[in-house]
Asks: 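Supplied in structure tokens, the structure appears directly below.
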Amino acid sequence: MQKNDWIAILDFGSQYSQLIARRTREQKVYCELIRFDTSAEELARRKPAGIILSGGPASVFDEKAPRCDPALFELGIPVLGICYGMQLMAQSMRGAVKPGVSREYGKATIDVRDTTSIFADLPTSLGVWMSHGDQVAELPEGFTTLAKTETCPHAAMANVGRRMYGLQFHPEVVHTPRGVDILRHYIFEVCGCTGAWKMSAFVQESIKAIRERVGEEHVMCGLSGGVDSSVVAALLHKAIGDQLHCVFVDTGLLRYNEGHEVETTFGDHFGIDLHVARAGDVFLDRLKGVVDPEQKRKIIGATFIEVFSDAIRTVGEAKFLAQGTLYPDVIESISPLGGPSVTIKSHHNVGGLPADLNFKLIEPLRELFKDEVRELGRELDLPDNMVDRQPFPGPGLAVRILGEVTRAQVELLQQADLRVQEELKKLENYKDIWQAFAVLLPVQSVGVMGDGRTYENVVAVRAVESRDGMTADWFKLPYETLDMIASRIINEVRGINRVVYDISSKPPSTIEWE
């Protein structure tokens, strides 16, 4: 990637800020969400090809409204203001903003008056998504109106000579069908980006950066078997080889055969220095008699830290601790509506380590979204079953066993869940499922097997589709698949005589049952 072949997105707290970054990355153009108050001097030093000012919930009339450095408009770098960003641009450049006579929320139609530049090759009537109360009333000097609605006289504006543009609507959301085309015009034609950002280039850049930072020191990495920690381990091993030491805590609460898969993949296939802490007995002993889900999580979290800390003390000295922080986690600390900056992501496998371990943190995935992490995993030759692994809760199967957790129940659920996974993977659209699993309920029901009466356990099957896990809809599995799952569990897993399917969405229900 060329040094100036990237887009800087100043985040003013919009719920859609991440979407702007996603849409930009989808064009194979690197971008970063950065603080709204990043100085013009810093921007000039980093030399982005373009700057995007995001939307935001504030009004430019609010005393404490987030504001950008007005000097950035004098850098000669193209600027695109979206919603609040457009209003801030207009106000900063001596235009006028006022509360709209009629607020616009939701779908609207804009009348495009200039089909050149960012509206090139687009229809003169476009469906867009609006979300604003204030609007630009008077354009700054040198600007012209590109589009309007019945109630918004300047739905889009531009100073083409200075390469400055403003959109009152949100081009980044799916509700603006041609929004990506508008963004593409800005990114490629106005900013001159090449679209040459590739994951292979990211790998090489990351390896170089890791080697420069680590030097001759050693790095400790906690492996959970999930996608993020697996990709971190593979990338670090490619960069520093034997200087990497991985610790895998087998809690005894993992999916069927998961511990063996992790050991085989990383210990045997990649040849990574892998240390396994088999602590299933410890976790199960401490969970004895516990039924409250929040108490389960606290016990498992504290025990994990204890076991992990003891394990890494026996491995040897290391200066760095690797962690799978992703870009959405970083963004949360940037937003003007977020809390104070977070330097260490709270995560079940590394959060809250004792201070005497005194690690420096290394986060090689902090610039990537989840789908990009999966792409990176493939670039690093991780097996598909690991790269495409669905999200799995930190406390493991303990929160999929409602009530007390025992060894017998864990083994029962592992077998039931195995049948669920085996049948779902036969579906052509399996990858459309965000998460699917079995839940062991604290309920027994009457059944008949052969000529005998049974009084055995009930399992619920859960499968959902989602983009980010924040909301989810239950997945419409074929009846034939549901039939096969129920038949296999009841006939092959001794101790279960009834299977039900969870058809609730999030909200109001959560994805996990506990």
Asks: Looking at Tyr186 and Leu80, what are the two nearest heavy atoms and their distance?
Replies: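 So the two residues come closest at OH-N, 3.4 Å.
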Asks: Counting C-beta onward and ignoring hydrogens, is there a side-chain heavy-atom pair between Phe437 and Leu397 closer than 4.5 Å?
Replies: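 Contact flag for Phe437/Leu397 side chains = no.
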Asks: Does the side chain of Thr406 come under 3.5 Å of the side chain of Gln409 through a donor N or O and an acceptor N or O?
Replies: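 Distance-only check passes for Thr406 and Gln409.
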Asks: How long is the straight-line distance from CZ of Arg419 back to CZ of Arg488, given to the nearest 0.5 Å?
Replies: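 Here the rounded value is 5.5 Å.
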Asks: State plainly whether the residues Glu32 and Arg46 are in salt-bridge range, i.e. N to O under 4.0 Å.
Replies: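 Salt bridge present between Glu32 and Arg46.
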Asks: Looking at Arg462 and Ser504, would you say the former's side chain and the latter's main chain have a donor-acceptor pair under 3.5 Å?
Replies: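 Checking the backbone N and O of Ser504 against the side chain of Arg462, a donor-acceptor pair under 3.5 Å is found.
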Asks: State whether the side chain of Arg297 and the backbone N or O of Glu514 hold a donor-acceptor pair below 3.5 Å, judged by distance alone.
Replies: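 At least one qualifying donor-acceptor pair exists.
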Asks: Using 4.0 Å as the upper bound for N to carboxylate O, is an ion pair formed by Glu375 and Arg378?
Replies: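 Salt bridge flag = no for Glu375 with Arg378.
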Asks: If the threshold is 4.0 Å, N to carboxylate O, is there a salt bridge linking Arg255 and Glu261?
Replies: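 Salt bridge absent between Arg255 and Glu261.
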Asks: Using 0.5 Å steps for rounding, measure from the CG atom of Leu418 to the CG atom of Leu413.
Replies: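 These two atoms lie 11.0 Å from each other.
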Asks: Please report the interatomic distance CD(Gln435) to CD(Gln390), rounded to the nearest 0.5 Å.
Replies: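 Answer for the CD-CD pair, Gln435 versus Gln390, is 6.5 Å.
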Asks: Going by distance alone, is a donor N or O of one side chain under 3.5 Å from an acceptor N or O of the other, for Gln27 and Arg23?
Replies: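 Looking only at side-chain atoms, Arg23 and Gln27 do not form any donor-acceptor pair under 3.5 Å.
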Asks: Hey, does the side chain of Arg374 reach the backbone of Val387 with a donor-acceptor pair shorter than 3.5 angstrom?
Replies: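 Between the backbone of Val387 and the side chain of Arg374 there is a qualifying donor-acceptor contact (under 3.5 Å).
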Asks: Under 3.5 Å, is there a donor-acceptor pair linking the side chains of Thr510 and Glu512?
Replies: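 Looking only at side-chain atoms, Glu512 and Thr510 do not form any donor-acceptor pair under 3.5 Å.
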Asks: Stepwise, does the side chain to side chain contact (heavy atoms under 4.5 Å, CB included) test hold for Ile34 with Leu43?
Replies: CA-CA 10 Å; Ile34 59 179; Leu43 288 166; 3.7 Å; yes
Asks: Going by an N to O cut-off under 4.0 Å, is there a salt bridge joining Glu306 and Arg286?
Replies: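 Judged by the 4.0 Å cut-off on N to carboxylate O distance, Glu306 and Arg286 do form a salt bridge.
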Asks: Counting only heavy atoms not in Arg313 (residues, nucleotides, ligands), do more than 12 fall under 6.0 Å from its CZ?
Replies: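 Yes, enclosed.
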Asks: Check Gly259 against Leu254 and note the closest heavy-atom contact, atom names and distance.
Replies: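 Minimum heavy-atom contact is N-CD1, 4.3 Å.
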Asks: Within the supplied structure, the quantity of interest is the number of heavy atoms (other residues, nucleotides, ligands) at a distance under 6.0 Å from Lys238 NZ; does it exceed 12?
Replies: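 Counting other residues, nucleotides and ligands, NZ of Lys238 stays at 12 neighbours or fewer.
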Asks: For Lys64, is the NZ atom crowded, meaning more than 12 foreign heavy atoms sit under 6.0 Å from it?
Replies: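 Incorrect, the count does not exceed 12.
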Asks: Salt bridge check, Lys288 against Asp285: does any charged N sit closer than 4.0 Å to a carboxylate O?
Replies: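 Salt bridge flag = yes for Lys288 with Asp285.
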Asks: In Å and rounded to the nearest 0.5 Å, what is the OH to CG distance from Tyr430 to Leu424?
Replies: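 If we round to the nearest 0.5 Å, Tyr430:OH and Leu424:CG are 7.0 Å apart.
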Asks: Hey, does Met386 have a side-chain heavy atom less than 4.5 Å from the side chain of Phe266?
Replies: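 Side chain of Phe266 against side chain of Met386, heavy atoms only: contact under 4.5 Å found.
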Asks: To check you understand the geometry: which heavy-atom pair defines the closest contact between Asp11 and Ser17, and what is its length?
Replies: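 Looking at all heavy atoms of both residues, the shortest contact is OD1-OG, 2.6 Å.
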Asks: Tell me, do Ile82 and His170 make a side-chain contact under 4.5 Å, heavy atoms counted?
Replies: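 Side-chain contact under 4.5 Å: yes.
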Asks: Hey, mind stepping through Lys208 and Glu205 against salt bridge (charged side-chain N to carboxylate O under 4.0 Å, His left out) and telling me if it holds?
Replies: CA-CA 5 Å; Lys208 181 181 177 182; Glu205 291 170 7; over 6 Å; no
Asks: How about Tyr16 and Trp129: do any of their side-chain heavy atoms sit closer than 4.5 Å?
Replies: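 The answer is yes; the side chains approach within 4.5 Å.
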Asks: Is there a side-chain contact between Pro66 and Asp37 in this structure, where contact means two heavy atoms from C-beta onward sitting under 4.5 Å apart?
Replies: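 Heavy-atom side-chain distance check fails, nothing below 4.5 Å.
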Asks: Go through the steps for Phe320 and Leu236 under the test side chain to side chain contact (heavy atoms under 4.5 Å, CB included), then give the verdict.
Replies: CA-CA 11 Å; Phe320 294 93; Leu236 284 166; over 6 Å; no
Asks: Just by modelled atom types, is the Asp483 backbone N or O under 3.5 Å from a matching donor or acceptor in the Ser487 side chain?
Replies: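 Side chain of Ser487 to backbone of Asp483, a donor-acceptor pair under 3.5 Å: no, none is there.
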Asks: For Phe188 and Thr194, work out which heavy atoms get closest and say how close.
Replies: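 Heavy atoms of Phe188 and Thr194 come nearest at CE2-C, 4.0 Å.
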Asks: Can you list the steps and then say if Arg389 with Glu258 is a salt bridge (charged side-chain N to carboxylate O under 4.0 Å, His left out)?
Replies: CA-CA 11 Å; Arg389 182 158 288 177; Glu258 189 167 32; 3.1 Å; yes
Asks: Is Tyr84 reaching over with its side chain to a backbone N or O of Gly13, donor-acceptor style, under 3.5 angstrom?
Replies: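 Such a contact is absent between Tyr84 side chain and Gly13 backbone.
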Asks: Between Val307 and Ala277, what is the shortest heavy-atom contact and its length?
Replies: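 Taking every non-hydrogen atom into account, CG1-CB, 3.8 Å.
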Asks: Do side-chain atoms of Asp273 reach the backbone of Asp242 as a donor and acceptor pair under 3.5 angstrom?
Replies: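 Judged by distance alone, no pair lies under 3.5 Å.
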Asks: Which class fits the ring pair Trp474 and Tyr501: parallel under 30°, tilted 30 to 60°, perpendicular over 60°?
Replies: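 The rings of Trp474 and Tyr501 stand perpendicular, inter-plane angle above 60°.
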Asks: Could you grab the distance from atom CZ of Arg400 to atom CD of Gln414, nearest 0.5 Å is fine?
Replies: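 The CZ atom of Arg400 sits 12.0 Å away from the CD atom of Gln414.
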Asks: Say whether, by atom type as modelled, one donor and one acceptor occur between the side chain of Glu372 and the main chain of Phe369 under 3.5 angstrom.
Replies: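 At least one qualifying donor-acceptor pair exists.
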Asks: Is there side-chain contact between Val499 and Leu482, with heavy atoms separated by less than 4.5 Å?
Replies: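 Answer no - side chains too far apart.
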Asks: Do the side chain of Gln243 and the main chain of Gly215 share a donor and acceptor less than 3.5 angstrom apart?
Replies: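 Flag set: sc Gln243 to bb Gly215 pair under 3.5 Å.
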Asks: Going from CD on Glu263 to CG on Asp250, what distance comes out if it is rounded to the nearest 0.5 angstrom?
Replies: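 Going from the CD atom of Glu263 to the CG atom of Asp250 covers 7.5 Å.
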Asks: Considering residues, nucleotides and ligands other than Met199, do more than 12 of their heavy atoms fall under 6.0 Å from its CE?
Replies: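 Yes, CE of Met199 has more than 12 neighbouring heavy atoms, counting only those of other groups under 6.0 Å.
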Asks: So, the side chain of Asp473 versus the backbone of Glu465: is there a donor-acceptor pair under 3.5 Å, distance only?
Replies: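 Judged by distance alone, no pair lies under 3.5 Å.
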Asks: With side chain to side chain contact (heavy atoms under 4.5 Å, CB included) as the test, would you mind laying out the steps for Phe12 and Cys68 before giving the verdict?
Replies: CA-CA 9 Å; Phe12 291 92; Cys68 61; 3.9 Å; yes
Asks: How close do Ser445 and Arg498 get, counting heavy atoms only, and between which atoms?
Replies: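 What the structure gives for the nearest pair is OG-NE, 2.9 Å.
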Asks: Under 3.5 Å, side chain of Arg25 to main-chain N/O of Cys31, donor-acceptor pair present?
Replies: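 Indeed, once roles are kept as given, a pair shorter than 3.5 Å links the two residues.
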Asks: With a 4.5 Å heavy-atom cut-off, do Asp5 and Cys193 have their side chains touching?
Replies: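 Asp5 vs Cys193: side chains touch.
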Asks: Should the pair Tyr30 and Trp6 be assigned to parallel (<30°), tilted (30 to 60°) or perpendicular (>60°) ring geometry?
Replies: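 Answer is tilted, since the angle falls between 30° and 60°.
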Asks: What I'd like to find out is whether the side chain of Leu477 reaches to under 4.5 Å of the side chain of Leu427, using heavy atoms alone.
Replies: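 A side-chain contact under 4.5 Å exists here.
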Asks: Verify whether one side chain among His245 and His275 offers a donor that lies under 3.5 Å from an acceptor in the other.
Replies: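 There is no such pair (donor and acceptor under 3.5 Å, judged by atom type) between the side chains of His245 and His275.
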Asks: Determine, stepwise, if the pair Leu253 / Ile401 fulfils side chain to side chain contact (heavy atoms under 4.5 Å, CB included).
Replies: CA-CA 10 Å; Leu253 303 170; Ile401 297 172; over 6 Å; no
